[in-house]
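This report concerns only the one structure given below.
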Amino acid sequence: MSRQRAMRDTEYNPLVYFIDGLVTLFNGMVVTWRNLWRPKITVRYPYQRRPVPPRYRGLFYLKWNEEKQRLNCVGCTLCAQACPTDVISMVKLGKGTHAGVSEFTMDLGRCMFCNLCVEACPFDAIYMGPNYELASERRDVSLFRIADLAQGGEEAVRKNIETIERLLAEEEKAKPAHAAHAAGGQSE
Amino acid sequence: MNQAIENLLQRFGEAVHEWKLVSPNEVHLTVSASHWREVAQYLRDDPLWQMDYPADLTVWDTGNEFGVYLRLWCSVYNRNVIVLTSIPREEPRIASLATLYPGVDWHEREMYDMYGVIFEGHPNLKRILLPDDWEGFPFRKDYVAEPSGNPLHGPQPVN
Amino acid sequence: MIEAITQFFTQHPLLWAFVKAVVLASFTLVIPLAVIYVERKIAGFIQSRLGPLHVGPQGTFQTAADALKLLLKEDIVPEGADKRFFYLAPYIAFVSTVLCFMVLPFAPGWVALEMNVAVLFIIGVSLFNVVSILMAGWSSNNKYSLLGGLRAVAQLLSYEIPMVLSVLAVVFYTGSLSLTGIIEYQVKHGWNIWHPPIMIAALIYFICALAEINRTPFDLPEAESELVSGFNTEYSGMRFAFFFASEFANNFFITAFAAALFFGGWDGPVLPPIVWTFLKVFVMIFVFMWLRWTPPRLRIDQILRFAWQLLVPVSLANLLFAIALGVR
Amino acid sequence: MVINVGPQHPSTHGVLRLILTLDGEQILACEPVIGYLHRGLEKMMERRPYRHNIPFTDRLDYLAALSNNLAICQCIERLGGVEVPERAQYIRVLLMELQRIASHLVFLGTFGTDLGATTMFLYAFREREMVLDLLEECTGARLTYNWVRVGGVPDDLPEGFGQKVLDFVKLFRQRIEEYDMLLTRNRIFRSRTQGIGVIPKETALAYGCSGPVARASGIPYDIRKVAPYEVYNRVEFDVPVFEDGDVWARYLVRMEELRQSLRIIEQVLRDMPDGPVQTKLPKIFKPPAGIAYSRVESPRGELSFMMVSDGGANPVRVHIRAPSFVNLSVLPRLLEGAKVADLVAILGSIDVVLGEIDR
């Protein structure tokens, strides 16, 4: 731990202070002169944009899985539970191995962009994207629905529901006996 | 340190309910609320303690009683002391330390503001964060946090 | 044609005076546009920014657009303001600046009013500025304005004295109270700035000029971080524009005055005289701006102490020195 | 004359209101009025599971959000007895020091503007942008980082981050020289700050001042040395302590801390081991009943969280000991007899952030 006395000045003397003032002022002007010729750092925002780093946390998106032709989200609500401000709500579609979501809303007015939902997701389904231009003058547009969030938009949502319904139907067909047994078991 | 604790126990006897040496330079003491100020003064003035730095003071509500927490630091020996006590919820009164340690002045005002704990002998005990006409003490566990209970409630925001 | 116009105006001297007044007043209104634009650009460049960029090429029309906006703005008069003084103050500031320009020679013969006591006239008239600031500060009925106004008066009056003394040094040295006379003396004997007593006078004048036009490190009357905006806090719209314009026109004038006193006015080789005047003025304005964006601001007691303890005695001694050398 | 400075005023640095009683330019009395930004964060935290509270702390001291994240995480870690992997500790220290530089640069810039050196503001913010770019690349946000978790940090450093930080350190060393030339050595700046707003050592102790304010008054109170957390006991650095206690000393302490932070950053990058960055924790985290506190040296001073747990999923009480809150309480004493122009210098040198004062 260094213990020192601050650089102190001598007793006030108008002339000494004046000359010192001129010298140090000149030093400062050298600095500003140097900066006058340095490249400018202004980013003219609406015309120019900074590159967004890959980890940037903007509006989040639901990841589209091209291979399986569906969104990765299975509607487990872990993200909604991890959220400190109750931003996320969803409607689950189907159940079991082929579950998905039919609706997924995010209330941007409450979101803190804290990334806790992304960390909570075990299915690699949501990510925070590079979109940061979310300001609006109205409150109702801060509610983002599944089509706004999904990668691929409306199209992806439609395909997602199709795929999941098809898979569910196939599953239904594949194990009718088991399903009937389960249904019977419930009724008894 | 041990000598200091022994002296303290001898001086206050029953008033110190509990003590715990957490680490070589940190002690936790639980004292009775009636000796709150005496203990603090002793800790500050005793040459073996010299707890001259008020680090923190706060109150919490367990639902049954209020706990009071005071953390002191000693600039000479680099020691920490945490002094704890509890006071009844019905009559939350405790001696103020603001004249001993000017640093806890605002902490005490804040705790009065939030919990309604009366610090007796405080030079300027009034609300600090909330407006002067606020009703109730919002950090108490039984505080009703509805907007209608808030004297400042205005029209609800519309789009 | 030109002869006819000349003859017409010689016959009607009042009309000619009117034309000159209008031209000078518009000049006083237009010059701040240029000065402010340059200031913003330089400030931007010094601070690693770009400055105005979007209105016109390289943002040249930005100040004009701002002026237009100010003219169209609602004219707000605070409640409880002393209305007469509040209305009057900006115009007094403006008129005092215009009056100063009246006697300023831009080139041989280019002077609105040839006066053989021009220096005296300028010193007298520029003091109106102090009056207007005090009026504005007092009549706004705002404590920040009042503090700013009082600071301004204390500061301007203190710095007026060494400034006048340093100007007087030039007057005694050259033996003329007329600006044209001073410049002509310099054309013959070389610029005043190279003569020892005037060098010191020029330094003092330079410092006082900074204080007179309220620039860093002497920008106390409008110290933004302390007094919000000082004496003109309550002004908006047109009146604010007039304060602003007169401030920057003053900036121009004080450098032009310095050019005439110390740097030989229009004197210079090759280029026409009028260009030389403007060149000198703009170089000095650039230095002022450069200086403005460098140091922090002083405190009021330090400023006054500096003026009374150092500048006044030194300028007095320097005046004696100049008299001794100047008498021929 | 009674004059209201704030809550909207260019140099109160937020919604702070000071009721000044003036005699000309002399200040006779000053009464700070705070609470305009009160959001009841402590109460909000009582109603949420422990780990949900981390993002809220970003909103306390918004100029040094990472320090707040670290403080609350340390507090929860102590309460639950969680171990932090070594690499995570190094990453934490690295980010804290970058954060300290960013925060001190805001101080430097705003302090310059308060005293009228507007250009300093732009220069300091230019360099701060560089730090923010670095932090953004690592954490994904520029202001509310939320990048410390209970039991570590959420992710490792990105590729090539260390080199970028070293480049910055190299550049920043030169820039500090430039600041010194522009501001520190300036005669006017020195006469504006020296001997102004003196806090004697006894006052600073009794009021519980911490951080640069305490160190400028001769109290060697730096949590990084007094009670080292994370890996601060493994890095070498000096704590600048001055005896004078005036605005000038506070300024010098911060300037010196900028240099020391650069030193720490270099050492941390050199020594950083490989390994995991997070300890696995159960999904519902219930620490045992008890009281725990954590102390962190935030750029403004001792930031301390105190938590009371009853063994449930939510804390019973979260208390935040905000350094600005305590440091601000000295202000009325400092301002007695000062000039109006000194007000901004003194207030600026205490460097308050209203977000953590009002909580």
Side-chain angles (χ1 to χ4, degrees), chain B residues 22-23 25-26 28 30 44 50-64 66-67 69-76 78-80 82 84 98-111 113-115 124 127-132 134 137-141 143 145 150, chain D residues 31-40 42-44 46-47 78 201-210 214 218-221 223 225-227 289-293 295 301-302 304-310 315-323 325-330 332-333 357-359:
Chain B
V22 181
S23 72
N25 57 2
E26 182 164 334
H28 291 199
T30 312
R44 189 189 71 165
Q50 293 191 39
M51 309 305 294
D52 44 9
Y53 183 90
D56 202 356
L57 181 138
T58 189
V59 170
W60 75 92
D61 185 3
T62 60
N64 307 315
F66 287 136
Y69 161 102
L70 170 72
R71 184 154 58 80
L72 300 170
W73 179 69
C74 164
S75 68
V76 185
N78 183 16
R79 281 181 196 154
N80 294 294
I82 289 177
L84 302 165
T99 43
L100 284 180
Y101 296 107
V104 300
D105 181 322
W106 280 21
H107 285 302
E108 287 185 349
R109 272 177 74 186
E110 191 194 338
M111 289 311 132
D113 201 354
M114 297 303 166
Y115 287 99
N124 184 23
R127 290 198 183 270
I128 181 166
L129 290 176
L130 299 177
D132 286 341
W134 191 281
F137 301 102
F139 277 21
R140 290 189 178 184
K141 289 286 180 194
Y143 181 77
N150 173 350
Chain D
E31 195 199 339
V33 179
I34 57 176
Y36 291 94
L37 208 58
H38 181 62
R39 294 148 292 181
E42 292 172 359
K43 182 88 171 180
M44 278 161 80
E46 287 172 16
R47 299 191 167 194
R78 286 198 189 174
K201 188 176 180 185
E202 298 72 40
T203 315
L205 265 178
Y207 272 87
C209 295
S210 53
I219 307 170
Y221 188 54
I223 313 291
K225 285 280 186 200
V226 166
I291 297 174
Y293 75 95
R295 290 191 283 172
E302 177 194 346
S304 144
F305 272 69
M306 176 275 217
M307 277 189 177
V308 182
S309 156
D310 61 352
V316 171
R317 169 83 166 120
V318 181
H319 171 73
I320 303 155
R321 189 259 194 214
F325 182 77
V326 184
N327 288 350
L328 186 71
S329 66
V330 202
R333 266 194 72 159
I357 290 176
D358 295 342
R359 298 196 287 285

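As the structure is a computational prediction, the values presented were derived from the model and not from experiment. The figures that follow rest on heavy atoms only: side chains count, while hydrogens, waters and symmetry mates do not. The sequence lines fix the lettering, A, B, ..., with proteins before strands; numbering per chain opens at 1.
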Query raised in the report: Given a strict heavy-atom distance threshold of 4.5 Å, which part of B:L84 is in contact with chain D: side chain, backbone, both, or neither?
Result: side chain

Query raised in the report: Is there side-chain contact between B:W60 and D:M307, with heavy atoms separated by less than 4.5 Å?
Result: no

Query raised in the report: How far apart are the closest heavy atoms of D:I357 and B:L129, and which atoms are they?
Result: O-CD2, 3.9 Å

Report task. Could you go through the side-chain contact (heavy atoms from CB on, under 4.5 Å) check for D:Y221 and B:N78 one step at a time? Result -> CA-CA 9 Å; D:Y221 188 54; B:N78 183 16; over 6 Å; no

**Report entry** Proximal component of D:T203, with respect to chain B [non-hydrogen, under 4.5 Å]
**Finding:** neither

Requested in this report: Hey, could you give me the CD/CG distance between D:E31 and B:N124, rounded to the nearest 0.5 Å?
Outcome: 7.5 Å

Query raised in the report: So how far is it from D:H38 NE2 to B:D113 CG, rounded to the nearest 0.5 Å?
Result: 7.0 Å

Query raised in the report: How would you list, by chain and number, every residue that makes a ring-ring contact (aromatic ring centres under 6.0 Å, His included) with B:F66, sequence neighbours excluded?
Result: B:Y115

Query raised in the report: What part of D:R333 gets closer than 4.5 Å to chain B, counting heavy atoms only: side chain, backbone, both or neither?
Result: neither

Report task. Assess whether side-chain contact (heavy atoms from CB on, under 4.5 Å) is satisfied between D:V308 and B:Y69, documenting all intermediate values. Result -> CA-CA 10 Å; D:V308 182; B:Y69 161 102; over 6 Å; no

Query raised in the report: Of all residues at least two apart in sequence or in a different chain, which pass the ring-ring contact (aromatic ring centres under 6.0 Å, His included) check with B:H107?
Result: D:F325

**Report entry** Atom group of B:R79 that falls short of 4.5 Å from chain D, counting heavy atoms
**Finding:** neither

Query raised in the report: For B:L72, is it the side chain, the backbone, both, or neither that has a heavy atom closer than 4.5 Å to a heavy atom of chain D?
Result: neither

**Report entry** Spatial distance of atom CD (B:Q50) from atom CG (D:L205) [nearest 0.5 Å]
**Finding:** 10.5 Å

Requested in this report: Return the minimal non-hydrogen interatomic distance between D:R321 and B:A55, and the atom names on each side.
Outcome: NE-O, 2.5 Å

Query raised in the report: Where does B:M51 contact chain D at under 4.5 Å (heavy atoms): side chain, backbone, both or neither?
Result: neither

Report task. Using atom types as modelled and distance alone, determine if a side-chain donor or acceptor of B:Y53 lies under 3.5 Å from a backbone N or O of D:G208. Result -> yes

Query raised in the report: Does the side chain of D:S304 come under 3.5 Å of the side chain of B:R71 through a donor N or O and an acceptor N or O?
Result: yes

**Report entry** D:H319 and B:D56, any side-chain heavy atoms less than 4.5 Å apart
**Finding:** yes

Query raised in the report: Side chain of D:R317, backbone of B:V59: donor and acceptor closer than 3.5 Å?
Result: yes

Query raised in the report: For the side chain of D:K43 and the backbone of B:M114, is there at least one donor-acceptor N/O pair under 3.5 Å apart?
Result: no

Query raised in the report: Looking at side-chain heavy atoms only, is the closest gap between D:Y36 and B:P131 below 4.5 Å?
Result: no

Query - D:A206 versus B:P54, closest heavy-atom pair with distance - result: O-CG, 3.3 Å

Report task. Using non-hydrogen atoms and a 4.5 Å limit, figure out which bit of B:I128 sits close to chain D: side chain, backbone, both or neither. Result -> both

Query raised in the report: Do D:V316 and B:K141 come close enough that some side-chain heavy atom pair is under 4.5 Å?
Result: yes

Query raised in the report: If you count heavy-atom pairs under 4.5 Å between each of B:R44, B:E110, B:H28, B:R127 and chain D, which one has the most?
Result: B:E110

Query raised in the report: Between B:Y101 and D:Y207, is any pair of side-chain heavy atoms under 4.5 Å apart?
Result: no

Query raised in the report: Checking D:E46 against chain B: side chain, backbone, both or neither under 4.5 Å from a heavy atom?
Result: side chain

Query raised in the report: Is any side-chain heavy atom of D:Y293 closer than 4.5 Å to a side-chain heavy atom of B:N80?
Result: yes

Requested in this report: Side chain from CB out, backbone as N, CA, C, O: work out which of these in B:D105 comes under 4.5 Å of a heavy atom of chain D, or both, or neither.
Outcome: neither

